[in-house]
Amino acid sequence: MPTRWLERLASSWGQSFEPRETPEERPAAGKTFQRLSQSALVHSACGRRDEAIRDLTAALRLRTDDAALTLVLGHLLRLKGQYDRAIRLHRMLLLRPDADRHSRVGARVALALDYRTAGLLKQARHHAEQALEIDAREPTALDLLARLHETAGEWQAALQLEERLLKICPGRSGLTCGFLHYRIGCEHHERGQTGRAARRLSRALKVHERVIPAYVRLGDLHYEASRPDRAVIYWERLLDCQPRHAHLVFERLEGAYSALGRAGKLEEVCRRLAEADPAHWRSRLYLAEAAVRRGLPEEAARWSLGALEAVPRSLAAHREYWRAAAPPSTLPPVALRDFLKATAGPGAGDDPHVCTQCRYRASELLWRCPQCRAWGSFLEDRG
Amino acid sequence: MPRSNQRTLKKSAECVGIGLHSGRPVSMRLNPAPAGHGIVFARLDQGGRRVYARAVNVVRTSFATTLSENGCSISTTEHLMSALYALEIDNVLVELDGAEVPILDGSAAPFIYLIHEAGIFELGAARPRLVLEKPLSVSEQGGRITASPAPSFSVDYSINFDHPLVGSQNFRGSISCKSYLSEIATARTFCFLRDVEALRRQGLALGGCLENAIVVGDDGILNDSLRFEDEFVRHKVLDLIGDLALLGMLFVGHVRAERAGHRLHTRLVQEILARPDAWRFEGSTEVAAHHIPSRPAMVAGGSQTASL
């Protein structure tokens, strides 16, 4: 609620939210400072930004030294894309002779946000760094700078800032930090520095167990080094910690179990997953495929029907059901072949994953949303 | 009508932003340039090779306007061109270290800010103006643009998208520096969520995100809010102005556009330049000569008739 936000803001500036009014104050167009600022807040709360900007501008003509209202006006102008005015206001705050440490930090952060919103990264970085020069623990500046480093692909710098944020903000999730370790680990892996990569990826999982690709990549590292037994440890950990993402390692585990002389072990794993979770459709689908391979159509039909019941909108489940269950007497093989062909390939059954932060949809699981840049925010959306 | 002089920047302005398609940071510097220079892009990553902002150099118009000359190309030029046109900046050397003008926030507002930061400097030569005297039109695939004579530059733009959140929108008004700054400059580019992944699969729009575009989903926009209720059509006007800037001259006439895009915008520009009988020329010939190469030499500073 904007009013509370303003209260907090004003309080952080060491001011009372109660609008002051002095007898000598001249009303603008019949309105006093108090009325204008209150009316602006109401407009802002109702999403009428133009009206809020108008009233705040009038209010600040009456009392030019009100830092909190200046910041609110700057914020609204930024949202409207009026960067010229927002930046001018925030610079004026910065240059005020009576500006104390809090004021200067606030103005720097506001300028960094102005430039960041305008997409002017160099200037945004400069002001965020300047804010941190004054107050090294300023969380908005730290967060902003971390995101700017991410945008530039500077993962290490982003990680250092994110680690500082974790210490400062006790409630903050370590997920971003974990994913930054993962990104750095991937870079080491791509450069062939397997030892460093393994340490980074392990660190990612220590920071946050939901850094799912780190399990996969760690297993890959060991598998590439001809250590399938070690690879299996990480992939099985993924099954235990994040069973909904178990399918990411099904194919890998199948290969590794086979190399270890434990063929058939994955079926056992999938049965366990399917029993533990009625909605675990991917394990059922794997079991259906395995039954088809073993020439057991009835069992295949049963498993694929189970998958279909869990996710009735999944095209993959429909395909598997028809592949497993279609009796040749009622459905000519050519019709089945045509059905499978028509429902395969790009475009068929797209968009099963959705970003929980911004609702961006993708046909595959992404670890970072290309739309809102959130890490680990995708969920499978099967209705 | 008073004839104004050409303008450039007082000093250089620079920024680093994200390239819409590459998703990588791009450095851009706007430099002052002398009268008659025009708007010229220089690729620093290709030894300073230059691409002139002329209609003949348009090579691609899908999702953005791409200019290319001698194998060197620059894409997403329209928002910068639009801002330069609106602020009546005729001469700038735009240095880039990549193949794209940075997308910034998807509108022209950050470019306006950069130009204001650099300051505007008036040069000694008169600004060329193209005064339309006969109507012209181009159309294709349900879209149509008509340009007709008018005392000043005005636009009537209509869009009609098969989406409940966008639907039919219309913007009508005279385009001046003042109206552009208050009504057009901050309108952001937009895209439909259903198209985004397909673009990304093609390796396009890798830098596109909620910070530089309005993303329209099936049941709402993904961004926090719109800057105008009709921000979509306003952005189309912004794009139209950016593409008309490829004329290299101030345009005097009324443009009515229905369901148009970069392709039709640039086709209109090419049609205008190909039909010298439909317009009259006023002002310095230095810039104009670059844009109308087949035209005989014109008298500097004088008004020309289309019969030339």
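These numbers come from a predicted model, not from an experiment. Within every chain, numbering begins at 1; the chains are lettered A, B, ... in the order of the sequence lines, protein sequences first and strands thereafter.
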Query raised in the report: Please walk me through it: do B/Val215 and A/Tyr360 pass side chain to side chain contact (heavy atoms under 4.5 Å, CB included)?
Result: CA-CA 9 Å; B/Val215 182; A/Tyr360 177 79; 5.8 Å; no
Query raised in the report: Do A/Gln123 and B/Leu114 pass the side chain to side chain contact (heavy atoms under 4.5 Å, CB included) test, and can you show the C-alpha distance, the side-chain angles, and the key distance before you say yes or no?
Result: CA-CA 11 Å; A/Gln123 290 94 330; B/Leu114 285 174; 4.0 Å; yes
**Report entry** Between A/Ser363 and B/Glu197, a side-chain donor and acceptor under 3.5 Å
**Finding:** yes
**Report entry** Check: A/Lys122 side chain, B/Val16 main-chain N or O, donor-acceptor pair, under 3.5 Å
**Finding:** no
**Report entry** Residue A/Leu79 versus chain B: region with a heavy atom under 4.5 Å
**Finding:** backbone
Report summary line: Honestly, the part of A/Arg125 sitting under 4.5 Å from a heavy atom of chain B is neither
Report task. Report the C-alpha separation of B/Glu211 and A/Arg116 in whole Å, then their side-chain angles, then the decisive distance to 0.1 Å, and conclude whether the side chain to side chain contact (heavy atoms under 4.5 Å, CB included) test is met. Result -> CA-CA 9 Å; B/Glu211 289 156 4; A/Arg116 179 70 191 91; 2.5 Å; yes
Report summary line: When the 4.5 angstrom heavy-atom criterion is applied to B/Arg200 and chain A, the contacting part is side chain
Query - Interface moiety of B/Ile115 toward chain A, non-hydrogen atoms closer than 4.5 Å - result: neither
Requested in this report: Tabulate, in ascending numerical order, the residues of residues 142-161 of chain A having at least one heavy atom closer than 4.5 Å to a heavy atom of chain B, or enter 'none'.
Outcome: A/Thr151, A/Ala152
Query - Validation row, ring centre A/Tyr83 to ring centre B/Phe111 under 6.0 Å - result: no
Requested in this report: Let me see the working for A/Leu120 and B/Leu104 under side chain to side chain contact (heavy atoms under 4.5 Å, CB included), right down to the final yes or no.
Outcome: CA-CA 6 Å; A/Leu120 301 166; B/Leu104 302 182; 3.9 Å; yes
